[in-house]
Amino acid sequence: MHDPLVIGGTTLSSRLFIGTGKYSRNTLIPEVINRSGSQVITVALRRVDLTGGEENIMKHIPSHMTLLPNTSGARTAEEAVRIARLARAAGLGNWVKIEVINDQKYLLPDNLETIRATEILAAEGFVVLPYMSPDLSAAIRLRDAGAAAVMPLGAPIGTNRGLRTKELIRILIEEVNLPIIVDAGIGRPSEAAEAMEMGAAAVLLNTAIATARDPLGMAEAFRDAISAGRKAYLAGLGPVEEVAAASSPLTGFLS
């Protein structure tokens, strides 16, 4: 089945985006990429050693991956814009995931500052993927500001609590004419499959894979779950009924 995802002019066959944090060792990252089939990987610019030191995370990311530098650590639009420009100047490409966070307990994104940063960076030619709290008005403003996709959270970052914002994400899928990439909170492959069954374009995962007992096995499980969820969405789920609906006629047998 040929079912590509196109974002910012880039055609992707995988709908699983992955992160680079929390692994017990960075040398796991290439194998996670291989087992997950992912083609897009996000990395915080503050983890990139531009001097080329031993701990440079970029040494573990194969060249065929599409890099999605994120603005982790930004508290304002101005800081996010500065980080994005530094990433592009450092040769990390044209894609950027906007993260603007002031809340230090739940790490919830500041949608207003995110919109401001998106307006500036989209005008400068970046492919902007903003991380956001799922709100329809904000998502529409991000679309109109030039976002290539929007990335609503399923639950607070790193919690593995699942699709707690499911109904709000469903509204974005229905009303915002952009790819919706569910980011943050998903902990189980079944939850990723559910997001895809709803019509999400992709899912971004980090903690659920990196903190699993077997990260490589979990990467493979998420790969399969996201593929299954997408196939179910394309096939069209059957209707949900309030009362029983027999699969075979109940009358005329042995009468």
Side-chain angles (χ1 to χ4, degrees), residues 16-24 26 41-48 55 57 68-84 86-87 96-121 128-142 145 147 149-173 176 180-192 194-195 198 200 202-213 215 218 222:
L16 170 55
F17 296 9
I18 60 173
T20 51
K22 299 184 179 178
Y23 288 101
S24 59
N26 287 336
I41 190 164
T42 187
V43 59
L45 184 61
R46 58 186 176 180
R47 296 189 63 212
V48 176
E55 293 305 312
I57 190 75
L68 179 59
N70 66 64
T71 65
S72 173
R75 295 158 297 179
T76 66
E78 286 74 19
E79 291 179 356
V81 168
R82 182 167 178 268
I83 293 170
L86 284 171
V96 63
K97 176 188 167 189
I98 301 295
E99 287 187 28
V100 182
I101 294 174
N102 287 300
D103 161 48
Q104 295 304 307
K105 182 175 181 180
Y106 296 105
L107 301 178
L108 298 176
D110 184 329
N111 282 351
L112 293 178
E113 292 295 299
T114 301
I115 293 168
R116 288 182 57 223
T118 298
E119 289 171 341
I120 296 168
L121 293 171
V128 183
L129 287 77
Y131 172 59
M132 65 171 305
S133 290
D135 172 85
L136 178 58
S137 296
I140 289 172
R141 289 183 178 125
L142 288 166
V150 293
M151 306 181 75
L153 60 89
I157 288 174
T159 61
N160 285 346
R161 296 183 67 195
L163 281 173
R164 298 304 176 109
T165 60
K166 176 180 174 181
E167 293 306 317
L168 296 173
I169 290 174
R170 187 189 305 280
I171 291 171
L172 300 193
I173 291 170
V176 181
I180 304 298
I181 302 170
V182 179
D183 181 8
I186 286 181
R188 299 168 182 259
S190 58
E191 294 159 353
E194 185 175 12
M198 289 165 53
V203 172
L204 191 151
L205 296 161
N206 189 162
T207 301
I209 295 175
T211 62
R213 185 178 65 251
M218 191 60 75
F222 271 108

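Dense packing is recorded around CZ of Arg170, with more than 12 heavy atoms of other residues, nucleotides or ligands lying under 6.0 Å away.
Expressed to the nearest 0.5 Å, how far CE of Met151 lies from CG of Asn70 amounts to 9.0 Å. From Leu107, atom CG reaches atom CG of Asn102 across 11.0 Å, with rounding to the nearest 0.5 Å. Atom CD1 of residue Ile101 and atom OG1 of residue Thr114 lie 8.0 Å apart, to the nearest 0.5 angstrom. Distance check: Arg161 CZ to Glu191 CD gives 11.0 Å after rounding to the nearest 0.5 Å. Here the straight-line distance linking atom CG of Leu163 with atom CD1 of Ile169 works out to 5.5 Å at 0.5 Å rounding. Taken to the nearest 0.5 Å, the CD1 atom of Ile186 stands 9.5 Å off from the CG atom of Leu204.
With sequence neighbours excluded, no residue satisfies side-chain hydrogen bond (donor to acceptor under 3.5 Å, both in side chains) with Thr165.
Between Met198 and Val182 the shortest side-chain heavy-atom distance does not fall below 4.5 Å. Looking at heavy atoms from C-beta onward, Ile180 lies in side-chain contact with Val150 at the 4.5 angstrom threshold.
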Stepwise side chain to side chain contact (heavy atoms under 4.5 Å, CB included) test for Ile98 and Leu142:
CA-CA 11 Å; Ile98 301 295; Leu142 288 166; over 6 Å; no
Applying side chain to side chain contact (heavy atoms under 4.5 Å, CB included), run through Leu205 and Met218 and close with a yes or a no.
CA-CA 11 Å; Leu205 296 161; Met218 191 60 75; over 6 Å; no
Is there a side chain to side chain contact (heavy atoms under 4.5 Å, CB included) between Leu153 and Leu108 once you walk through the steps?
CA-CA 9 Å; Leu153 60 89; Leu108 298 176; 3.8 Å; yes
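Taking all atoms of both residues into account, the shortest heavy-atom contact from Asn160 to Gly187 is OD1-CA, 3.6 Å. The shortest non-hydrogen separation linking Thr71 to Ala80 is CG2-O, 3.5 Å. The nearest pair of heavy atoms linking Ala77 to Val100 is N-CG1, 4.4 Å.
No donor-acceptor pair closer than 3.5 Å links the side chain of Ser72 to the backbone N or O of Leu45. A donor-acceptor pair under 3.5 Å is absent between the side-chain atoms of Thr42 and the main chain of Gly19, judged by distance alone.
The stretch residues 110-120 participates, sequence neighbours left out, in these salt bridge (charged side-chain N to carboxylate O under 4.0 Å, His left out) pairs: Glu78-Arg116, Glu113-Arg116.
Lys97 pairs with exactly one of Val128, Asp183, Ile181 by the side-chain contact (heavy atoms from CB on, under 4.5 Å) rule, that one being Asp183.
Side chains of Thr207 and Lys22: a donor-acceptor N/O pair is present below 3.5 angstrom, by distance only.
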Hey, can you pull the donor-acceptor pairs under 3.5 Å for the side chains in residues 129-141, sequence neighbours left out?
unit_1, atom_1, unit_2, atom_2, d
Asp135, OD2, Ser137, N, 3.2
Asp135, OD2, Ala138, N, 2.8

